[in-house]
Amino acid sequence: MRYDHITELIGNTPLLRLDPAVHGLTHVELYAKLEFYNPFGSVKDRVAWGMIRDDLDDIIAGKQTLIEASSGNTAKALRVLAALHGIGLRAVTNRIKVAEVRELLQLLGTDIEELPGLSECPDPTAPNDVYTVIESTMARAPGAWYHPSQYTSEKNIEAHHHGTGREIHEDLARDGITRVDYLIGGLGTTGSTRGTATFLRKHNPEL
Ligand SMILES: Cc1ncc(COP(=O)(O)O)c(C=O)c1O
């Protein structure tokens, strides 16, 4: 298959039916949405692209740099997608647990601001809260930064509503399955589970 741009490879990931001999559940059809097929390796590619796509011209015109709270996957995708347009990225985080993730971000040229602390999720009561640090950084240089803000952006949820959720529904519907009973996902910002679930709930409110 031929593509003209790497962003065309984001989404439309495979939905793999897991063999019951492997999962051992009876009367259950279990599928895995293989988000690691996204070009930068995770579900976060959808969000990164969804949050900057429409604003690229303004970010370039304003000579802005992206600033985002991310421990790895969002930053990885944002860094490359922005760099394609000459835009830089500062990733603010206190949660990089795997040295290789830090090294990869550095290799890609990410400006990483690592904070002490336990939780990356925004918590205004915590010292070194990532969002407080981002806000004070932006306040010191008005207009210099663009904050996609994956924890608050509706575009995060939309990327999964129109993308992940719709894809799961359409792939299953082709096989005559129109109802999903359970969606199991990991929680960070909750964008992937909320966006996917709101689409699937249109077809089964009890999901
Ligand atoms: C691979 C992967 N899956 C899931 C999540 C969580 O997704 P969300 O932020 O949509 O809740 C993250 C990020 O936290 C992630 O990197």
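First listed ligand is number 1; within each ligand, the first listed atom is number 1.
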Y131-H147 aromatic ring centre distance below 6.0 Å: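 Yes: the rings meet the under 6.0 Å criterion.
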From K76, K44, Q150, R194 - option closest to atom 9 (O) of ligand 1 by heavy atom: K44
N73 contact mode with ligand 1 (heavy-atom cut-off under 4.0 Å): side chain
Just checking, is any N or O donor in the side chain of [X] or [Y] under 3.5 Å from an acceptor N or O on the other one?
X: R102; Y: S71; result: no
X: E35; Y: S42; result: no
X: K33; Y: T164; result: no
X: T152; Y: S149; result: yes

Heavy-atom pair of closest approach, residues H85 and L56: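 It is NE2-CD1, 3.5 Å.
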Which of the ligand 1 atoms, numbered from 1, are nearer than 4.0 Å to a heavy atom of G188: 6 (C), 7 (O), 8 (P), 9 (O), 11 (O), 14 (O)
Atom indices of ligand 1, in the order listed, that fall short of 4.0 Å to a heavy atom of V43: 2 (C), 3 (N), 4 (C)
[X] N/O to ligand 1 N/O under 3.5 Å:
X: T190; value: yes
X: T189; value: yes
X: S192; value: yes

Contact with ligand 1 for T193, non-hydrogen, under 4.0 angstrom: no
